[in-house]
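Here, residue 1 is the first one in the sequence, and each next residue gets the next number.
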Amino acid sequence: MEFAFHLSPYDAPFLEEEAARLLAQRLEAHSREAVPGLWKAVDNLNAYAAKGPGRETRRTRYRVYGAVLIALGIFVLVPGLAEPRTPSLIAAGTIGIVSGILSFCLTRKKRAPSPPASCRKEAARLLSQRRGVDWTLPENRTELRFDEAGLAILAGGKEDAVPYGEMTAVYETERLWLLLCGGEQAILLQKKDLTKGDAAEFAPCLREKITAK
């Protein structure tokens, strides 16, 4: 196992949203540890809502309703728009089309909840610290290496070591990782900065090392 990173500027516009999502994952994990019984009930309810009886039947029924309402709406709206125009037919046709579109919307999957404001605020603070550093300057050049012994951080001619025993968790989004070490120390890594190793294996390998400590 060996992974290497060369840190680069944290200037991408997507970082705020993804960093907030990472912190939301951390917040949920902490909450699950604090009140596991409550989260078990929540997970059971979510599983029932996702796979409950008749869900697919309802989705099919809503699609049929939507298609029928849109077709009827168009059937009524077209004569209403013809001269002389009939306001009642125009209104009825419009209502039918809108109702059909809403029926189709009911078949869509729910979006993932937005990160809470506290996570967005903490993400902004975390990024402001990293954006205050010009990582392209030779004196700020920073390399991180993960091997069997742990993490080595090479910066400013110095090397610091972080053993896996001090790491507590790693979270992942499409383009970021958040590694927690010790108490509240957090290392935000961009996937584009990975220079050695397979990105798909990074988080699983770290989780294995963390759980085996």
Side-chain angles (χ1 to χ4, degrees), residues 1-36 38-40 42-43 46-47 50 109-136 140-147 150-155 160-213:
M1 166 190 160
E2 189 170 354
F3 301 91
F5 293 82
H6 281 112
L7 299 191
S8 64
Y10 291 75
D11 54 3
F14 59 78
L15 289 180
E16 286 83 357
E17 179 65 23
E18 290 202 22
R21 284 165 48 200
L22 285 169
L23 292 171
Q25 293 179 34
R26 172 193 175 193
L27 182 64
E28 179 179 328
H30 180 74
S31 176
R32 285 180 178 275
E33 292 178 359
V35 283
L38 177 60
W39 276 101
K40 183 178 180 180
V42 171
D43 290 339
N46 288 337
K109 294 182 179 180
K110 293 183 178 180
R111 294 182 178 179
S114 177
S118 59
C119 292
R120 294 187 180 278
K121 182 178 180 180
E122 180 64 17
R125 186 190 68 80
L126 187 65
L127 285 170
S128 67
Q129 294 175 346
R130 283 148 182 79
R131 286 173 171 170
V133 178
D134 186 351
W135 301 98
T136 62
N140 294 331
R141 180 178 174 83
T142 302
E143 181 180 357
L144 283 74
R145 296 175 184 168
F146 294 84
D147 56 24
L151 165 63
I153 304 175
L154 293 82
D160 294 322
V162 182
Y164 290 112
E166 295 183 9
M167 301 179 192
T168 56
V170 59
Y171 304 105
E172 180 178 9
T173 57
E174 292 87 347
R175 290 161 288 198
L176 293 174
W177 288 293
L178 180 69
L179 175 61
L180 301 184
C181 305
E184 293 298 318
Q185 184 179 1
I187 300 175
L188 186 65
L189 298 171
Q190 302 181 85
K191 292 186 178 181
K192 70 181 181 67
D193 291 342
L194 182 66
T195 58
K196 185 175 183 180
D198 187 343
E201 297 177 358
F202 179 70
C205 285
L206 256 63
R207 292 189 182 108
E208 183 179 347
K209 293 291 185 182
I210 290 172
T211 54
K213 64 186 179 182

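By the side-chain contact (heavy atoms from CB on, under 4.5 Å) test, Q25 pairs with L22, Y171, T173, sequence neighbours left out. Residues passing the salt bridge (Lys or Arg N to Asp or Glu O under 4.0 Å) test with R32 are E28, D43, sequence neighbours excluded.
Taking the side chain as every heavy atom from C-beta outward, R145 and E2 never approach each other to under 4.5 Å. Proximity of F3 to D147: side-chain heavy atoms (C-beta onward) are nowhere separated by under 4.5 Å. Here the side chains of T168 and I210 are not in contact, with every heavy-atom distance at 4.5 Å or above. By the 4.5 Å heavy-atom criterion applied to side chains, R21 and E174 are counted as neighbours. Counting heavy atoms from C-beta outward, R130 and L15 have side chains that stay 4.5 Å or more apart. The shortest side-chain heavy-atom distance between L151 and I153 falls under the 4.5 Å cut-off. Side-chain contact between E143 and F5 is absent, with no heavy atoms from C-beta onward closer than 4.5 Å. Counting only heavy atoms from C-beta outward, the side chains of P115 and E17 approach each other to under 4.5 Å.
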task = For L176 and L178, run side-chain contact (heavy atoms from CB on, under 4.5 Å): C-alpha distance rounded to whole Å, both residues' side-chain angles, the deciding distance at 0.1 Å, then the answer.
result = CA-CA 7 Å; L176 293 174; L178 180 69; over 6 Å; no

message = Show, in sequence, the C-alpha distance, side-chain angles and deciding distance for L179 and V162, and conclude whether the side-chain contact (heavy atoms from CB on, under 4.5 Å) test is met.
response = CA-CA 11 Å; L179 175 61; V162 182; over 6 Å; no

ask   = How far apart are the C-alpha atoms of F146 and M167, what are their side-chain angles, what is the distance that settles it, and do they pass the side-chain contact (heavy atoms from CB on, under 4.5 Å) test?
value = CA-CA 12 Å; F146 294 84; M167 301 179 192; 4.2 Å; yes

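Closest approach of K192 to P9, counting heavy atoms only: NZ-O, 4.1 Å. Taking all atoms of both residues into account, the shortest heavy-atom contact from A20 to A123 is N-CB, 3.6 Å. The two residues C181 and I187 come nearest to each other via the heavy atoms SG-CD1, 4.1 Å. When all heavy atoms of C119 and L23 are compared, the closest pair comes out as O-CD1, 3.5 Å. The minimum heavy-atom distance linking A4 with L194 is given by the pair O-CD1, 3.3 Å. Listed here is the closest heavy atom pair of S114 and R120: OG-NH2, 2.8 Å.
Remark: the R141 side chain and the T136 side chain contain no N/O donor-acceptor pair separated by less than 3.5 Å.
By the 6.0 Å contact criterion, NZ on K121 is open, its count of non-hydrogen atoms from other residues, nucleotides or ligands being 12 or less.
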